[in-house]
Amino acid sequence: MDNDRQIELHWPMAGVDRRYGWNRQPPYSTPFARNVRPDSAEGKRERGGSRPGMVKFYAQALGDTSKIQMLESIDYLSSNTLVTRTVAVAAGNVYVESTAGSLSLLGAGGQVSATKILQSSVIDQKMYIADFDSDPAVSSAARAPKVYSPVAGTFAALTATAGTVPYGCPITCEWRSRLLLAGGTTEPYGIFASKQNDPTNWDYSETGSGAAWSMAATENGKIGEPVTAMYAFSDLCLIIGCTTSLWIVRGDPTFGGALDNLSDCIGVIDKNACCRTPDGLFVFLSHDGLYAIPAGCDSARHPQSLSRERLPDEMRNINIANFAVSLAYDVSGRGVHIFITPHTAGSA
């Protein structure tokens with residue numbers, strides 16, 4: 001008598017879940033997986049597949065053993081054609097994509113800090129790199145943001161036409177056509193914004209809805225702990241992360257905006273440890289793991305846990321003194337990539 005019976009095996013579309021024992025595993029989940037994805041690499045059908053292989057995108061290496069300090073892109077118009085170029089930093093040298101698949105050293109090299117993980121913002125076809133130095137004794141030019149203009153082909157320290165550029169700030173973002181800087185060594189609790197549509201104007205004494213502003217200028221505008229991240233959640237609100245707290249600025253501070261607390265125990269661990277999905281979900285890594293805030297400024301309330309319910313320990317208590325953390329949304333793969341990269345010796 002044939003006792004064979006057919007068993008239907010389902011691909012674990014629900015992903016990895018390590019909270020439960022093997023006999024209590026939630027439906028369509030698995031306690032272990034490596035280099036696999038729900039969608040097949042070809043056809044993008046939900047039938048399971050291996051992670052696509054990695055290829056070297058640029059032929060040259062940026063330094064022998066140097067880490068990549070920044071990898072961003074900038075869009076600009078050239079001869080009425082929209083051009084997208086990659087900008088990378090390694091060993092303090094800035095490299096710009098000259099043609100597809102090729103990077104060229106910008107200038108003579110050594111234009112920015114050689115050890116820091118850098119962040120940038122793009123406003124009006126110019127890239128503002130939040131170059132910084134933690135030593136106040138270093139010259140202001142070395143601690144000032146740097147400006148790269150692909151249209152003019154220039155690279156220089158940001159200088160103010162009015163007011164004073166905040167120096168030593170490692171965190172930046174563009175919000176409401178303003179250049180924002182934060183996390184400086186002299187004002188770690190402050191957030192500074194340039195005049196609207198003018199990143200060279202930092203005169204906080206000006207009036208009007210488009211004037212520059214500083215949240216360090218008054219005690220009511222200061223946040224209770226040093227800023228670790230900023231993110232333009234939408235044109236109407238700005239997310240501010242600290243190590244153990246999360247804040248939101250609803251509306252422009254020069255036009256009736258208000259600062260509200262979203263959490264007094266969950267924050268963003270690093271400046272690049274956050275991203276947003278196409279439907280507006282704000283995802284970030286905290287010391288308690290991965291969290292998210294729903295889309296919409298009015299709906300932004302307390303952050304909701306994403307990882308503790310599935311991966312109890314893997315993404316908790318990451319030490320940013322030893323690791324650089326960054327998140328990025330993959331449109332093609334429909335998922336958030338979490339990069340936790342060890343610092344090289346002597347880096348910061």
Side-chain angles (χ1 to χ4, degrees), residues 57-58 61-74 86-96 103 105-106 109-122 127-135 138 142-148 155 157-158 166-174 179-188 191-192 226-232 239-243 267-276 283-287 290 315 317-329 336-348:
F57 194 77
Y58 295 104
L62 306 186
D64 296 330
T65 60
S66 303
K67 65 183 178 183
I68 303 298
Q69 300 169 250
M70 189 190 82
L71 187 64
E72 301 288 352
S73 64
I74 183 171
T86 298
V87 179
V89 176
N93 300 318
V94 180
Y95 297 83
V96 178
L103 291 169
L105 181 65
L106 181 66
Q111 305 100 317
V112 296
S113 167
T115 60
K116 311 293 185 181
I117 298 296
L118 302 175
Q119 198 174 46
S120 68
S121 298
V122 175
M127 176 176 283
Y128 296 83
I129 301 175
D131 191 21
F132 67 102
D133 194 292
S134 57
D135 184 2
V138 176
R143 304 176 66 212
K146 305 302 187 292
V147 187
Y148 167 57
F155 185 92
L158 175 62
Y167 296 135
C169 295
I171 303 168
T172 183
C173 76
E174 180 275 329
L179 177 64
L180 269 62
L181 296 168
T185 53
T186 56
E187 285 285 359
I191 296 173
F192 308 90
V227 177
T228 57
M230 286 190 302
Y231 200 91
I239 296 289
I240 302 170
C242 301
T243 302
V268 186
I269 65 171
D270 208 358
K271 58 190 173 188
N272 292 318
C274 53
C275 68
R276 190 175 57 182
V283 183
F284 63 95
L285 190 65
S286 75
H287 282 298
L290 206 64
M315 288 183 285
N317 299 317
I318 303 297
N319 187 349
I320 61 171
N322 299 328
F323 298 92
V325 179
S326 60
L327 269 64
Y329 183 79
V336 174
H337 292 282
I338 305 168
F339 302 94
I340 303 176
T341 308
H343 287 306
T344 56
S347 65

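Quick caveat: nothing in here was measured; it's all calculated off a predicted structure.
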(Q) Please give me the minimum heavy-atom distance between Tyr329 and Cys275, naming the atom from each residue. (A) N-SG, 4.1 Å
(Q) Tell me if a side-chain donor or acceptor on Ser120 pairs with a main-chain N or O of Ile129 at a distance below 3.5 Å. (A) no
(Q) Rounded to the nearest 0.5 Å, what separates atom CG in Leu158 from atom OH in Tyr128? (A) 6.5 Å
Q: Kindly indicate whether the side chain of Phe192, heavy atoms from C-beta on, has any atom under 4.5 Å from the side chain of Leu179.
A: no
**Q.** Asn93 side chain vs Leu105 backbone, donor-acceptor pair below 3.5 Å
**A.** no
Q) Counting distance only, does the side-chain N/O of Asn319 pair as donor-acceptor with the main-chain N or O of Ala321 below 3.5 Å? A) yes
Q: Answer yes or no: is there a side-chain heavy-atom contact under 4.5 Å between Phe155 and Val112?
A: yes
Q: For the pair Thr228 (side chain) and Val268 (backbone), establish whether a donor and an acceptor sit closer than 3.5 Å, ignoring hydrogens and angles.
A: yes
**Q.** Within-4.5 Å side-chain heavy-atom neighbours: Pro170 and Lys116
**A.** no
Q: Apply the test side-chain contact (heavy atoms from CB on, under 4.5 Å) to residues Leu106 and Tyr148: give CA-CA distance (whole Å), side-chain angles for both, the deciding distance (0.1 Å), then the verdict.
A: CA-CA 10 Å; Leu106 181 66; Tyr148 167 57; 3.7 Å; yes
Q.
Does any part of the side chain of Pro145, heavy atoms only, come nearer than 4.5 Å to the side chain of Leu181, both counted from C-beta?
A. yes
Q | Exam field: side chain Gln69 to backbone Gly92, donor-acceptor pair closer than 3.5 Å | A | yes
Q: Would you confirm whether Gln119, through its side chain, and Ile171, through its main-chain N or O, come within 3.5 Å as a donor-acceptor pair?
A: no
Q) Given side chains that start at C-beta, do those of Val96 and Leu103 come closer than 4.5 Å, heavy atoms only? A) no
Q: Taking Lys271 for its side chain and Ser326 for its backbone only, find out whether a donor-acceptor pair lies under 3.5 Å.
A: no
Q: Find out whether Met315 and Leu285 are in side-chain contact, i.e. whether some heavy atom of one side chain is under 4.5 Å from a heavy atom of the other.
A: yes
Q: Without swapping roles, check the side chain of Thr172 against the backbone of Leu180 for a donor-acceptor pair under 3.5 Å.
A: yes
(Q) To the closest 0.5 Å, what do you measure between CG (Asn272) and OH (Tyr231)? (A) 10.5 Å
Q: Considering non-hydrogen atoms only, spot the tightest contact between Ser113 and Phe132 and give its length.
A: CB-O, 4.0 Å
(Q) Is the shortest side-chain heavy-atom distance between Met70 and Ile117 below 4.5 Å? (A) no
Q: Measure the spacing between CD1 of Ile320 and CG of Asp270 and express it to the nearest 0.5 Å.
A: 4.5 Å
Q. Between Thr86 and Ser73, is any side-chain donor less than 3.5 angstrom from a side-chain acceptor?
A. no
Q: Taking the side chain as every heavy atom from C-beta outward, state whether Ile68 and Val89 have any pair of such atoms under 4.5 Å apart.
A: no
